[in-house]
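Report on one structure; see the data block that follows.
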Amino acid sequence: MESIDVLVAGAGPTGLTMACELRRYGLKVRVVDPAPRTTEHSKALVVHARTREVFEAMGLRAAVEAEAQALMAVQLYFEKQLLGTLDVKRFGPDVPTPVFLDQSATERILAEHLGRLGGAVERGLRLLSFRDEGSQVVATIGGEDGRTETVTARWLVGCDGAHSVVRRGLSLPFEGSAYEDMFDQADLKIRWDRPPGVGYGFLRSAGLVVFAPLPRDRYRIIAMGGEGHAPEPTLEMFQKLADELVPGAVLHDPEWILRFRLHHRMVPRMAVGSVFLAGDAAHIHSPAGGQGMNTGIQDAFNLAWKLAMVARGAAKPELLATYDAERLPVAKQTLELTDRLFRGATSRRTMVLRKLIVGTVLRSRALQQRLVRRMSQTGVSYRRSTAVLDARRWPRPSPQAGERAPAATLSAGDTTISLHALVASEAKLTLLLMHGSSRSPALTSAGQELAERWGRSLVVRDLVLGTGDAETLGDRSGAVVRGWRVRAPELVLLRPDGHIAVRAPLARLEVLRAYAARWF
Ligand SMILES: Cc1cc2nc3c(=O)[nH]c(=O)nc-3n(C[C@H](O)[C@H](O)[C@H](O)COP(=O)(O)OP(=O)(O)OC[C@H]3O[C@@H](n4cnc5c(N)ncnc54)[C@H](O)[C@@H]3O)c2cc1C
């Protein structure tokens, strides 16, 4: 029986991202999913800025954005009174904004990408059980016809959704509870004379109602909490809501109408031995803020490069323990954020307070930008992780080790490349030698020393302010050298997921040596 590197259970957005990344890094992967095809439903809509960046690193940004609907503005109402407009376009390029795309399209794009990488989802097959033997996992998979197969893999990743077999196999509790309120949702078209790309939020004593713009001239209407008294959601129920909130609008061509009860739950650990959990298998919460799919994709993006490096002997197996250490706190914060948003949206007791809060946010551009950043997941930091190391504290707004490197476009010979695509291109860390405006021979020789010793685990790239050349990356706009306040030659070690592993001035080269000795 041939042994593989990774068995991925589940091919939703999390499992597909995991499989794509592992294939891209050249690992032997199998992905099984009992579903006959990718989802037909729109489900998760919001592709947040950090996920857009991940898609860019995966080479998928253009494909996703060709089909997505950009968000132009959000109008907020208190009952029927317009409180104000959040003009997303006016935030400028530095503020990370989302786009909207049906989950069915996101999954299709990921599945096609997996095919181009030489992988495929084995459909009609589910994970039935598994046994972690320490150095390998022995799993049983099977189909509807009752036939089973034994698969031996070095690692098993459970991306098998809220009812995860992997989670149950690990005997991990799914701690949390269900919300009392129901959630009604409809994807449909609306005949009205409002501009495209604008979302609407109506704060009502009967609960929040949202109109979110979807691609192909559709809208999703979400009624949180208040409409649960109707026997089941229908087009007529949503039309009545529209008559009350946006008189004259005619709803038609409903694609999907449903009601569901929400839960907020998470596991106490996202890894046990050689088995990992990612996405909804590890955490579920309210869709308020559109965090669910995005968090699962980030889980996969955090774990894939670690598995690839360890599989190749380019990093010590201890690196894998940092997956749980880094992602569990993010899952916890996401549950807290979505819980606050959902309770704020559905509580019937705090209307005056909610009006006050919304009014304050609408008046403050700084608050709006903070909120957008928080939801975008670009502010996720692994600062407390053992897999990051800072030589010192850096003056703000300079990024610290553990934080995500701010987006930047670099020149490389005749072409340009995004910093995030550059660092994700190999299952190695990228050591940027930050020369500033003039080259530092001492920095070059420090880079050579590290490349000779640790070339299996890192690639060294010189970065200069200006245009660079075929060998040297150029920072024409100064987004990195000036943006990070680089005043003296510096070494920056970047992880394939775009987070800063180490940041040290040349004078503290020993910090890099210590990091490499610990992890490589
Ligand atoms: C009705 C609905 C509306 C939603 N709306 C939103 C929204 O607006 N915004 C948002 O952010 N999120 C939303 N979500 C949540 C979002 O869809 C999930 O967070 C996202 O799908 C999680 O992706 P995942 O890959 O982790 O899990 P899933 O998408 O659940 O994928 C899990 C996969 O595992 C497979 N599987 C199950 N058992 C096994 C097994 N034993 N072996 C192998 N494979 C198995 C399943 O067939 C499935 O394909 C919604 C979800 C639902 C159900």
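Just so you know, ligand 1 is whichever comes first in the structure, and atom 1 is the first atom listed for that ligand. The residues of the chain are indexed from 1 along the displayed sequence. These values consider heavy atoms only, across backbone and side chains, with no hydrogens, waters or symmetry-generated copies.
When hydrogens are left out, the protein atom nearest atom 15 (C) of ligand 1 is D280 OD2, 4.4 Å; that is the closest non-hydrogen contact.
For the 3.5 Å distance criterion, the side chains of Q136 and S274 fail to qualify, holding no donor opposite an acceptor. Judged by distance alone, the side chains of T39 and E107 never bring a donor and an acceptor atom under 3.5 Å apart. Residues Y382 and R404 have side chains that never bring a donor and an acceptor to within less than 3.5 angstrom of each other.
Rounding to the nearest 0.5 angstrom, the gap separating the CZ atom in R340 from the OG atom in S286 is 12.5 Å.
Atoms of ligand 1 lying under 4.0 Å from any heavy atom of P287, numbered from 1 in the order shown and given with element: 6 (C), 7 (C), 8 (O), 9 (N).
The part of W256 lying near ligand 1 is the side chain, judged by heavy-atom distances below 4.0 Å. With a 4.0 Å heavy-atom cut-off, ligand 1 is reached by the side chain of R220 but not by its N, CA, C or O. Residue contacts with ligand 1 for T39 are absent, since no atom lies close enough (heavy atoms, distance under 4.0 Å). Residue contacts with ligand 1, taken as heavy atom pairs separated by less than 4.0 Å, involve L127 via backbone and side-chain atoms alike. In Q291, the part holding a heavy atom less than 4.0 Å from any atom of ligand 1 is the backbone. No part of A162 comes within 4.0 Å of ligand 1, judged by heavy-atom distances.
Aromatic pair Y323/W155: ring centres not closer than 6.0 Å.
No donor-acceptor distance shorter than 3.5 angstrom exists from the side chain of D102 to the backbone of S104, with no hydrogens or angles considered.
Ion pairing between K332 and E336 holds under the 4.0 Å rule for side-chain N and carboxylate O.
Between A278 and ligand 1, a contact under 3.5 Å exists for no N or O pair.
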